[in-house]
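The structure that follows is given in the form of structure tokens.
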Amino acid sequence: MCDVKKIACIGAGYVGGPTMAMIALKCPKIEVVVLDISQQRIDAWNSDTLPIYEPGLEEVVKSCRGKNLFFSTDVDKHIAEADVIFVSVNTPTKTKGMGAGMASDLTYWESAARGIARVATGYKIIVEKSTVPVKTAEAVEKVLQSNAAVSNNLTFDVLSNPEFLAEGTAISDLQAPDRVLIGGRTTPSGQKALDTLASVYEQWVPKERVIKSNLWSAELSKLAANAMLAQRVSSMNSLSALCEETGADVSQVAFAIGKDSRIGPKFLNASVGFGGSCFQKDILNLVYICEQQGLPEVAEYWRQVITINDWQKQRFVKRMVNAMFNTVQNKRIAVLGFAFKKDTGDTRETPAIDVCRALLTEGAKLCIYDPKVSDQQIRSELSLGKFEWDHPNSYGKGAATISSDQVSCVADAIAAADGAHAVAVLTEWDEFKTIDFQRMYNCMTKPAYIFDGRNLLDHAALSKIGFTVFALGKPLDPFLVNK
């Protein structure tokens with residue numbers, strides 16, 4: 001039986017919004033309030049145009065909003081009233097100071113904890129939903145204990161409930177998760193809190209998929225899961241380079257490997273590189289933790305996953321430049337896709353950023369088309385410094401520094417390719433497979449190149465049209481040999 005009457009979530013971003021919407025949908029007797037200090041973001045959640053794109057999200061939100069799902073900036077009121085408080089704030093990578101470029105910046109987490117301590121009364125269950133370093137719960141407990149007003153009579157348990165969502169499939173992941181992991185203290189109070197949160201999820205998730213652990217195991221499991229997934233991508237990307245040199249086909253190698261039941265077929269597709277808000281950030285966090293714990297060999301092992309990812313993007317650009325007679329100066333290049341994966345508008349750490357920046361450095365003129373990413377967002381990403389994307393007020397920052405002469409954005413793929421020397425496919429949007437490539441070829445400068453960074457297209461058909469095709473991990477087009 002679930003005794004929870006009200007849940008509040010601090011943070012209305014990619015994790016907090018969809019997760020709370022699903023809880024509201026599946027638990028109609030629980031009042032769910034998503035909180036944020038940004039009035040603009042809350043207004044967007046209350047509008048017909050949600051602040052994030054995720055297939056199925058709009059339908060879930062609209063079916064619950066105003067009934068048992070609410071979005072508000074009145075943080076203090078709803079914290080005071082909630083039985084369970086999720087904290088889903090940014091934990092960006094530090095850009096300066098100790099651990100810069102690796103460690104998580106817990107400024108926003110600490111601020112949230114202080115806010116809870118200031119207004120909460122009675123007993124509260126506080127849930128880590130953000131991705132945090134191991135032992136963060138211990139720090140949060142200290143902040144709460146040190147700052148709780150004596151008159152509030154605050155008691156609490158801190159739980160870790162990491163998210164394992166994949167953007168583009170977040171709603172289906174929430175509806176039918178592989179597992180829900182909840183970590184808590186092994187005290188009687190901690191175990192009761194574990195059972196309470198489990199009772200919320202068990203209203204739609206089979207009980208055997210709700211896993212309970214200690215706090216530290218739950219915190220580390222999130223970092224480890226993303227590190228393992230990213231490792232598979234980098235492993236295949238390293239093999240893609242070997243395939244090109246030997247005439248092997250990386251897709252055939254991946255298929256054969258994936259048939260081994262011990263390995264399985266997922267995350268074995270070679271690509272221009274992984275992106276998104278989690279993989280690189282979490283691995284770098286893991287590297288930093290290992291270094292701090294005196295495990296340099298372990299740190300270096302995981303650092304290599306990032307090294308290969310960066311190298312793959314550099315290798316892709318080098319192949320493009322070499323193919324086009326060692327120069328792309330003033331050449332128009334059509335970029336198809338800017339989001340880090342299909343079915344999302346998220347551009348955080350997308351490989352397209354590094355590829356486009358490298359091409360701009362070489363003097364290319366880019367014409368970009370992505371069905372879900374705006375002109376302003378593209379320009380902003382290309383102008384931001386490393387890790388700035390994850391800090392407040394970064395959206396739109398620096399967009400004006402990218403001139404229209406360097407980068408233009410258009411509304412369809414054919415327009416992007418008009419007059420272009422080459423096309424670079426950087427996101428695996430399904431619509432790219434149905435482009436009229438004969439029409440595209442006709443409007444391009446010859447020789448016309450396609451560089452498929454996602455191994456998405458029918459390369460034999462493209463070659464027959466007349467394109468010079470490069471696909472990662474595939475036998476090289478004769479035109480590209482020795483270039």
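The figures here come from the full heavy-atom set of this structure, side chains too, leaving out hydrogens, waters and symmetry mates.
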Is the backbone of Gln231 close enough, under 3.5 Å, to the side chain of Ser234 for a donor and an acceptor to pair up by distance?
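Side chain of Ser234 to backbone of Gln231, a donor-acceptor pair under 3.5 Å: no, none is there.
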
Over 12 non-hydrogen atoms of neighbours within 6.0 angstrom of CD1 in Ile37
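Open: at most 12 neighbouring heavy atoms sit under 6.0 Å from CD1 of Ile37.
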
Within a strict 4.5 Å, meaning less than it, do heavy atoms of the Gln280 and Asp310 side chains meet?
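SC-SC contact between Gln280 and Asp310 confirmed.
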
Any idea how Phe316 and Phe451 line up, ring-wise: parallel (<30°), tilted (30 to 60°), or perpendicular (>60°)?
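Plane angle over 60°, so perpendicular.
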
Please tell me if the side chains of Ile308 and Val233 come closer than 4.5 Å, counting only heavy atoms from C-beta onward.
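A side-chain contact is absent here, since even the closest heavy-atom pair is not under 4.5 Å.
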
Does the Ser463 side chain pair with the main chain of His459, one donor and one acceptor, at a distance under 3.5 Å?
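Yes, the answer is positive, given that a donor and an acceptor are paired below the 3.5 Å cut-off.
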
Report yes or no: does Ser160 contribute a side-chain atom to a donor-acceptor pair with the main-chain N or O of Glu128 at less than 3.5 Å?
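Judged by distance alone, no pair lies under 3.5 Å.
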
Donor-acceptor contact present, side-chain Arg232 to main-chain Ile263, <3.5 Å
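Flag set: sc Arg232 to bb Ile263 pair under 3.5 Å.
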
Treating Asn68 as the side-chain partner and Ile30 as the backbone partner, does any N or O pair qualify as donor plus acceptor under 3.5 Å?
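Side chain of Asn68 to backbone of Ile30, a donor-acceptor pair under 3.5 Å: yes, one is there.
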
Side-chain donor-acceptor pair present, Asp370, Trp429, cut-off under 3.5 Å:
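Per modelled atom types, Asp370 and Trp429 side chains form a pair under 3.5 Å.
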
Decide yes or no for Lys331 and Met320: does some side-chain heavy atom of the first lie under 4.5 Å from some side-chain heavy atom of the second?
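They are not in side-chain contact.
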
side-chain hydrogen bond (donor to acceptor under 3.5 Å, both in side chains) against Glu428, all qualifying residues, sequence neighbours excluded:
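Here no residue qualifies.
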
Which distance, rounded to the nearest 0.5 Å, do you find between the OG1 of Thr344 and the CD of Glu167?
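Rounded to the nearest 0.5 Å, the OG1-CD separation comes out at 4.0 Å.
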
Do other residues, nucleotides or ligands put more than 12 heavy atoms under 6.0 Å from Asp260 CG?
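Enclosed.
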
Heavy-atom distance under 4.5 Å between the side chains of His421 and Val328, does that happen here?
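When only atoms from C-beta onward are counted, Val328 and His421 do not touch, as no gap falls below 4.5 Å.
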
Under a 3.5 Å threshold, yes or no: a donor from one side chain and an acceptor from the other, between Ser251 and Lys474?
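There is such a pair (donor and acceptor under 3.5 Å, judged by atom type) between the side chains of Ser251 and Lys474.
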
Measure the acute angle between the ring planes of Phe279 and Phe274, then classify it against the limits of 30° and 60° as parallel, tilted or perpendicular.
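Taking Phe274 first and then Phe279, their aromatic rings stand perpendicular (interplane angle over 60°).
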
Could you check whether Arg454 makes a cation-pi contact with Phe432, meaning its NZ or CZ is under 6.0 Å from the centre of the six-membered ring and within 45° of the ring axis?
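No, a cation-pi geometry is absent between Arg454 and Phe432.
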
Is there a side-chain contact between Ser88 and Thr19 in this structure, where contact means two heavy atoms from C-beta onward sitting under 4.5 Å apart?
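Ser88 does not reach Thr19 side chain to side chain.
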
Check side-chain hydrogen bond (donor to acceptor under 3.5 Å, both in side chains) between Thr327 and all other residues, then give those that pass, not counting sequence neighbours.
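Testing Thr327 for side-chain hydrogen bond (donor to acceptor under 3.5 Å, both in side chains), a comparison that skips the adjacent residues, returns none.
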
Walk me through it: do Gln406 and Leu366 pass the test side chain to side chain contact (heavy atoms under 4.5 Å, CB included)?
CA-CA 6 Å; Gln406 296 171 293; Leu366 306 182; over 6 Å; no

Does Asp36 use its side chain to pair, donor to acceptor, with the backbone of Ala12 at less than 3.5 Å?
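The answer is yes, because a donor-acceptor pair under 3.5 Å joins these two groups.
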
Tell me whether the count of non-hydrogen atoms from other residues, nucleotides or ligands lying under 6.0 Å of NZ in Lys318 goes above 12.
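Not buried by this count: 12 neighbours or fewer within 6.0 Å.
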
Does NZ or CZ of Lys446 fall inside the cone over Tyr441's six-membered ring, less than 6.0 Å from its centre and within 45° of the axis?
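That pair qualifies as a cation-pi contact.
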
Using 0.5 Å steps for rounding, measure from the NZ atom of Lys62 to the CG atom of Leu50.
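Those atoms lie 7.0 Å apart.
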
Gap separating the CE atom of Met20 from the SG atom of Cys27, nearest 0.5 angstrom:
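These two atoms lie 10.0 Å from each other.
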
Run the salt bridge (charged side-chain N to carboxylate O under 4.0 Å, His left out) test on Lys365 and Asp405 for me, step by step, so that the C-alpha distance in whole Å, both residues' side-chain angles and the decisive distance to 0.1 Å come before the verdict.
CA-CA 7 Å; Lys365 297 182 182 298; Asp405 185 54; 3.0 Å; yes

Go through the side-chain N and O atoms of Arg315 and Gln312 and say whether any donor and acceptor fall under 3.5 Å apart.
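Side chains of Arg315 and Gln312: pair found under 3.5 Å.
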
Tell me whether Thr350 contacts the main-chain N or O of Asp346 through its side chain, where contact means a donor paired with an acceptor under 3.5 Å.
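Checking the backbone N and O of Asp346 against the side chain of Thr350, no donor-acceptor pair under 3.5 Å is found.
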
Any side-chain to backbone donor/acceptor pair from Asn285 onto Lys281? Under 3.5 Å, distance only.
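Not a single qualifying donor-acceptor pair exists.
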
If you define the side chain from C-beta out and look only at heavy atoms, does anything of Thr347 sit under 4.5 Å from Phe340?
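The answer is no, as the side chains (C-beta and beyond) never meet within the 4.5 Å cut-off.
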
How long is the gap from CG on Leu359 to CG on Asp354, to the nearest 0.5 Å?
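That separation rounds to 11.0 Å.
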
First locate atom CG of Leu336, then atom SG of Cys367, and finally report the distance between them rounded to the nearest 0.5 Å.
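With rounding to 0.5 Å, CG (Leu336) is 9.5 Å from SG (Cys367).
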
Out of Lys222, Lys129, Arg179, which one pairs with Glu163 under the salt bridge (charged side-chain N to carboxylate O under 4.0 Å, His left out) rule?
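The option that passes is Lys222.
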
Tell me whether the rings of Tyr201 and Trp204 are parallel (<30°), tilted (30 to 60°) or perpendicular (>60°).
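Geometry flag for Trp204 against Tyr201: tilted rings.
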
Is Asn455 reaching over with its side chain to a backbone N or O of Asn269, donor-acceptor style, under 3.5 angstrom?
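Between the backbone of Asn269 and the side chain of Asn455 there is no qualifying donor-acceptor contact (under 3.5 Å).
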
Give a yes-or-no answer on whether the side chains of Gln377 and Glu381 include a donor-acceptor pair shorter than 3.5 Å.
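Absent: no donor and acceptor within the cut-off.
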
Would you tell me whether Gln39 and Asp43 have side-chain atoms, one donor and one acceptor, within less than 3.5 Å of each other?
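There is such a pair (donor and acceptor under 3.5 Å, judged by atom type) between the side chains of Gln39 and Asp43.
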
Looking only at atom types and distance, does a side-chain atom of Tyr449 sit under 3.5 Å from a main-chain N or O of Ala323, one as donor and one as acceptor?
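Confirmed, Tyr449 side chain pairs with Ala323 backbone.
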
So, taking the atom named CD in Glu54 and the one named CG in Leu165, what distance separates them when rounded to the nearest 0.5 Å?
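Reported value, rounded in 0.5 Å steps: 8.0 Å.
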
